[in-house]
Amino acid sequence: MCGVVGIVGASPVNLPLYNSLQVLQHRGQDAAGIVTVDEDDNFHQRKANGMVTEVFQQRHMLRLKGNIGIGHSRYPTAGSSSAAEAQPFYVNSPYGIALAHNGNLINSKELKEKCKKAHRHVNTQSDSEILLNILAWKISNIEHDVPTEDDIFNAVSGVYEEIRGGYAVVSLVLGVGLIAFRDPCGIRPMVLGSKTTEDGKVEYMVASESVALDVSGFKLERDVKPGECLLITKEGKLFSKICAKNPTLQSCIFEYVYFARPDSIIDGASVYATRVRMGTKLAQQIQNEHKDLKIDVVIPIPDTSVDIAVQIARTLGVPYRQGFVKNRYIGRTFIMPGQKQRKKSVRNKLNPIPAEFLGKNVLLVDDSIVRGTTSLQIVQMAREAGAKQVFFASASPEICYPNIYGIDMPTSKELIAYGRSNEEICKEISADALIYQKIEDLEASVTEENPELTKFETSIFTGKYVVPPADDYFDNIEKQRSDDAKADKAWKDSSDADELDIFNI
């Protein structure tokens, strides 16, 4: 999962891009980058490993000149932390194109071969660079010196015919402007916002979440539609067209559970409101099916589950307490590159407040259970803090299958719920009771917020993929995503430079 943003403004966009990446930091904490275009059609770039505040210093910001730009915060789905794979990527032909991408292509191996046949070189293992070269290949067929909007839409239609997966893309084309497009199922989110300046000029922004618009004063206009391409010219004119065949909205439901910020609106549904509904439905399930549980207190595992836990406590009529203090400078543990590192990170990340546990029957609430590593340690911490009984509630159903559209969930054999019953999982995490959200309740939590959302990408729970992968795909991702593979990749990446700083490409 990554964060992307693009702006066509009437004044310099370096600071709005920076501010937007800061509020999208939760979507990617591995690397960050910005590319801008100045009035002479020169690219300016800064990208490096690290958090947004670490990557961009004042001297970098001063050099990011221009009223058009794109930005990216990286979350590596294959465990790579190489600075060479930080985005945006760039190619100089045709025209000069820069691109940033959130998601994952599931036919990248095939696409890399097509790039070779098109005489285009891919220098990294990133599918984003492959996507850039596919786009450049299609744009290279344009015969005009200055492409028209129809030229761009035809090129993007050609991209849709080649690539498969879940993706949200922002791209700069010199002499043209900003291009943004979303996969035909709308798996990965993207919104469009606008702002009118004092002199009446309209500025546009596209971003992964609406919160990125808010911080820079842009108004949320709408979501980019599945299979839609937006073209915002350097003069500030907006054009749009559905360029993919048979698009249908099936957004990733895990965005609402875990990834998106609660103050964002995705596909017309408030993330906060959907999480409150998840809490209500989970509490009702506890009332109906677990009446024997004597719950003294509800405690969230911060931060994503807080809104859910508050609503569970309110519905059950029991106290809600903050029982864990979180170190906010530790990354999300389920994307850590190895089991030992994840175990160490959990203890560094959370510390219990003993008074909230001592002698109590505690209901711990988390957004999900992936490997179970975090859940087991948290249950153990609760017991060490004096809890009498520890019950565990997950706001999402059992995660049994890997995600292939941009979330770095491991292979099935590394998922605690795969091939195990509820009782077996409960024993594995050392809890006294385990309650999972039912998938129909999870879907209803979003649909009740926006009735137009009737289909979702839920493959991590069901194993049914809306964009089916090739037969050997899972064998390949196991080689990339296993703990051993990530440890080996991390060792190789450690020898790379940690930044790439090119201001005039």
Side-chain angles (χ1 to χ4, degrees), residues 3-25 28 31-48 50-74 86-90 92 95-100 169-180 190-221 230-239 499-505:
V4 297
V5 59
I7 302 175
V8 177
S11 58
V13 296
N14 52 357
L15 184 58
L17 287 169
Y18 174 87
N19 291 337
S20 296
L21 288 181
Q22 272 200 305
V23 297
L24 293 175
Q25 186 76 85
I34 289 175
V35 170
T36 60
V37 180
D38 65 22
E39 60 183 9
D40 296 320
D41 273 351
N42 294 314
F43 277 131
H44 301 271
Q45 174 179 274
R46 166 65 179 173
K47 61 179 182 178
M51 306 284 271
V52 173
T53 53
E54 298 169 338
V55 172
F56 301 102
Q57 304 301 318
Q58 184 179 26
R59 66 183 186 277
H60 306 129
M61 297 298 293
L62 291 173
R63 294 170 181 170
L64 290 170
K65 300 175 181 179
N67 297 355
I68 306 175
I70 58 176
H72 184 267
S73 60
R74 183 179 67 179
Q87 297 184 43
F89 283 105
Y90 162 83
N92 66 352
Y95 304 106
I97 305 172
L99 178 143
V169 179
V170 291
S171 179
L172 298 174
V173 180
L174 287 183
V176 179
L178 172 68
I179 302 171
M190 179 175 277
V191 296
L192 169 68
S194 68
K195 179 171 65 174
T196 303
T197 64
E198 293 181 357
D199 57 357
K201 295 180 180 179
V202 180
E203 301 178 310
Y204 291 101
M205 177 190 287
V206 291
S208 293
E209 295 183 32
S210 62
V211 67
L213 308 177
D214 300 337
V215 72
S216 294
F218 284 77
K219 175 187 175 183
L220 174 63
E221 295 292 342
L230 303 180
L231 168 61
I232 307 169
T233 68
K234 62 180 184 178
E235 294 80 22
K237 295 181 179 179
L238 172 66
F239 301 90
E499 65 179 45
L500 182 61
D501 196 355
I502 303 173
F503 297 112
N504 294 288
I505 304 178

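Note that these values count all heavy atoms, side chains included, but never hydrogens, waters or copies made by symmetry. This one's a predicted model, so the numbers in the text were calculated from it and none came from an experiment.
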Can any side-chain N or O of [X] pair as donor or acceptor with the backbone N or O of [Y] at less than 3.5 Å?
X	Y	result
S171	A98	yes
T36	K65	yes
D40	N42	no
R46	V55	yes
K201	A10	no
K47	P88	yes

Handout entry: All side-chain contact (heavy atoms from CB on, under 4.5 Å) counterparts of Q25, not counting sequence neighbours
Key =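 Q25 satisfies side-chain contact (heavy atoms from CB on, under 4.5 Å) with Q29, M51, V52 once adjacent residues are dropped.
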Practice task
List in chain and number order the residues that pass side-chain contact (heavy atoms from CB on, under 4.5 Å) with Q57, two or more places apart in sequence or in another chain; answer none if no residue qualifies.
Solution key: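 If we apply the side-chain contact (heavy atoms from CB on, under 4.5 Å) test to Q57, skipping adjacent residues, the hits are R59, H60.
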Output all residues satisfying side-chain hydrogen bond (donor to acceptor under 3.5 Å, both in side chains) with [X], sequence neighbours left out; order by chain, then residue number.
X	value
D199	T197
T196	none
E221	S194
E235	T233

Problem - Those residues that, when tested against K234, pass salt bridge (Lys or Arg N to Asp or Glu O under 4.0 Å) (two or more places apart) - result: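 With neighbours one apart ignored, the set is D41.
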Problem - CD1 on I232 to CE on M205, rounded to 0.5 Å - result: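 So the CE of M205 and the CD1 of I232 are separated by 10.5 Å.
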Check residues 15-23 and write down every donor-acceptor pair under 3.5 Å in which the side-chain atom is one partner and the other belongs to a residue at least two apart or another chain.
{"residue": "N19", "atom": "ND2", "partner": "L15", "partner atom": "O", "Å": "3.4"}
{"residue": "S20", "atom": "OG", "partner": "P16", "partner atom": "O", "Å": "2.9"}
{"residue": "S20", "atom": "OG", "partner": "A212", "partner atom": "O", "Å": "3.2"}

